[in-house]
2 protein chains.
Amino acid sequence: MSPARATRGTPEQGLPRPVAGRSDGSDARTRGIPEATVARLPVYLRALVGLSERGIGTCSSEELAAATGVNSSKLRKDLSYLGSYGTRGVGYDVEYLRYQIAREIGVTQDLPVVIVGIGNLGHALANYSGFSSRGFRIVALLDADPVRVGEEVGGLPIGGLDDLEDIVTRERIAIGVIATPAAAAQEVCDRLVGAGVTSILNFAPTVLAVPDGVDVRKVDLSIELQILAYHEQRKAVGA
Amino acid sequence: MSPARATRGTPEQGLPRPVAGRSDGSDARTRGIPEATVARLPVYLRALVGLSERGIGTCSSEELAAATGVNSSKLRKDLSYLGSYGTRGVGYDVEYLRYQIAREIGVTQDLPVVIVGIGNLGHALANYSGFSSRGFRIVALLDADPVRVGEEVGGLPIGGLDDLEDIVTRERIAIGVIATPAAAAQEVCDRLVGAGVTSILNFAPTVLAVPDGVDVRKVDLSIELQILAYHEQRKAVGA
DNA sequence: CCCTGTGAAATCCTTCACAGCC
DNA sequence: GGCTGTGAAGGATTTCACAGGG
């Protein structure tokens with residue numbers, strides 16, 4: 001039972017949450033931001049970075065809500081879990097809120113990431129500049145195919161799977177991205193976890209089994225399309 | 001207000017659901033499968049296809065649950081929204097259930113899809129075989145860069161953005177995939193919607209504004225990583 | 001007067017537990 | 001006896017509406 005906190009990177013994800021935390025009561029809040037809120041914090045963060053780049057110093061919950069596609073009371077409730085970072089009658093200081101959210105998420109300094117499986121998708125991920133600018137540093141690319149090993153992608157050489165354990169421990173990598181074919185995903189996952197990885201972003205169309213304490217998020221392109229297809233069908237019938 | 005049903009392809013997604021539907025009462029069920037359930041149907045479908053390929057003819061809710069990473073009572077409740085397709089004391093007929101779910105989702109025959117933006121990610125999507133085998137047919141690839149136009153990817157030639165309206169109407173495309181840079185995404189979206197697309201899968205890191213009745217799902221790689229980072233941080237503190 | 005922060009209500013989702021059928 | 005289907009209970013999330021501070 002209990003496939004850990006694993007879930008799809010799609011609706012739901014309702015981790016029961018270990019609830020616990022150390023027994024010290026800390027504050028009232030601080031402990032236990034709802035999962036639904038956690039999933040929106042990165043969205044707010046991105047919007048704030050955008051506002052910041054456009055030189056905007058202050059924004060209301062209404063404005064930030066519009067920029068992120070959520071409604072303003074949800075946004076205010078979300079932010080209230082972090083603390084009281086706004087000013088009544090005024091709004092939020094963009095820089096300050098941005099920093100607070102980044103801190104809460106834990107991306108104030110770059111986290112090392114390894115990508116396993118450098119096929120089409122792995123290439124795209126390795127070249128994606130969004131990672132580096134948003135708190136992550138891709139430190140290794142690994143692939144099982146000897147032909148690819150040595151090739152350079154996005155400025156990094158592809159290593160072989162043999163290097164997996166070494167790299168993960170040496171670089172203290174906590175986050176792994178799996179972009180292998182489905183058949184290889186579970187084994188890669190096991191090795192990553194064995195080497196110390198505790199968070200996995202899985203693009204392979206498989207359900208990964210992981211021990212407790214390891215988080216898995218899944219991104220599945222055809223599942224996303226099928227969800228759209230369902231709604232599409234309803235519209236067609238209704239028309 | 002109401003940025004349509006738009007949302008991220010991540011937790012939540014709590015579309016308020018138009019609730020309505022035509023005024024005839026139809027059945028009791030049939031109308032209104034919960035959004036959380038809709039998001040899991042593709043997962044069940046994939047697992048059933050896997051079981052089917054392995055020659056398994058029947059499965060219990062417990063087995064299907066194990067294969068999909070949900071718990072069995074949730075799965076049974078989900079399936080109960082579709083109807084009573086199981087046999088008490090026995091389980092579900094794999095082929096039959098598979099067909100029923102595919103029908104419910106609306107992927108019994110292939111739906112045409114257009115991909116706009118054939119960069120690294122677009123390449124990966126165009127080459128992804130999972131689409132074709134799961135109810136979708138990529139009928140066009142479009143890119144704004146004249147240098148890329150004409151190039152062939154995954155067996156399809158890349159067209160220019162000028163062809164967008166033509167292709168969408170001619171092929172009656174209802175689903176579009178946006179894999180452009182963020183700056184271009186909204187304009188591409190507007191043109192897709194203008195030409196008749198009513199469902200969009202957005203990989204660009206922007207919030208798209210769409211009229212009512214258009215669904216948007218967003219897949220954002222760095223947001224997924226940031227959600228993992230949050231939990232990662234909590235683990236580190238707890239250790 | 002404006003906008004945040006938040007209890008309380010409403011809604012949605014999951015889990016429990018068991019009745020009902022094979 | 002085993003397993004589905006489902007009311008009812010329990011949680012979680014969203015929305016409402018307003019108190020409270022600038």
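Proteins come first, then strands; the chains are lettered A, B, ... in the order of their sequence lines, and each starts at number 1.
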Check your understanding: If only atom types and distance count, is the side chain of A:S60 paired as donor or acceptor with the main-chain N or O of A:E63 below 3.5 Å?
Key ->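 Yes, because the side chain of A:S60 sits within donor-acceptor range (under 3.5 Å) of the backbone of A:E63.
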**Study point:** Under 3.5 Å: donor-acceptor pair, side chain of A:E224, backbone of B:K218
**Key:** no
Value in whole Å for how far the [atom2] atom of [N] lies from [atom1] of [X]:
X	N	atom1	atom2	value
B:L75	C:dC13	CG	C1'	15 Å
B:L82	D:dT6	CG	C1'	14 Å
B:E62	C:dC16	CD	P	12 Å
A:K74	C:dA10	NZ	P	19 Å
A:D93	C:dT4	CG	C1'	15 Å
A:L79	D:dT13	CG	P	16 Å
A:D78	C:dT4	CG	P	14 Å
B:L64	D:dG5	CG	P	12 Å

Revision key, fill the gap. Regarding the side chain of B:Y81, the nearest nucleotide among C:dC13, C:dT14, D:dG5 is C:dT14
**Study point:** Among C:dC3, C:dC13, D:dT4, the nucleotide that comes nearest once only the side chain of B:P34 is considered
**Key:**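 In terms of side-chain proximity for B:P34, the closest of C:dC3, C:dC13, D:dT4 is C:dC13.
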Check your understanding: Is the shortest side-chain N to carboxylate O distance from B:D93 to B:R98 below 4.0 Å?
Key ->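 No, no charged N to carboxylate O under 4.0 Å.
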Side-chain donor-acceptor pair present, [X], [Y], cut-off under 3.5 Å:
X	Y	result
A:D78	A:S80	no
B:T108	B:R103	no
B:Q186	B:T206	no
B:T68	B:R40	no

Review point. Can you check whether A:S60 has a side-chain N or O nearer than 4.0 Å to OP1 or OP2 of C:dC3?
Key: no
Point to revise | Interface residues of residues 49-59 of chain A with DNA chain C (non-hydrogen, below 4.0 angstrom) | key: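 Heavy-atom contacts with DNA chain C come from no residue of residues 49-59 of chain A; none.
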Check your understanding: What about the rings of A:Y128 and A:F131, do their centers lie closer together than 6.0 Å?
Key -> yes
Exercise for review: Mark up nucleotides 16-22 of chain D, 5' to 3', with B wherever a protein heavy atom is under 4.0 angstrom from a base atom, S wherever such an atom reaches only the sugar-phosphate, and - elsewhere.
Suggested key: -B-BBBS
**Study point:** Contacts of type side chain to side chain contact (heavy atoms under 4.5 Å, CB included), residue B:S199, not counting sequence neighbours
**Key:**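 Partners of B:S199 under the side chain to side chain contact (heavy atoms under 4.5 Å, CB included) test: A:L228, A:E232, A:K235, B:I175, B:D215.
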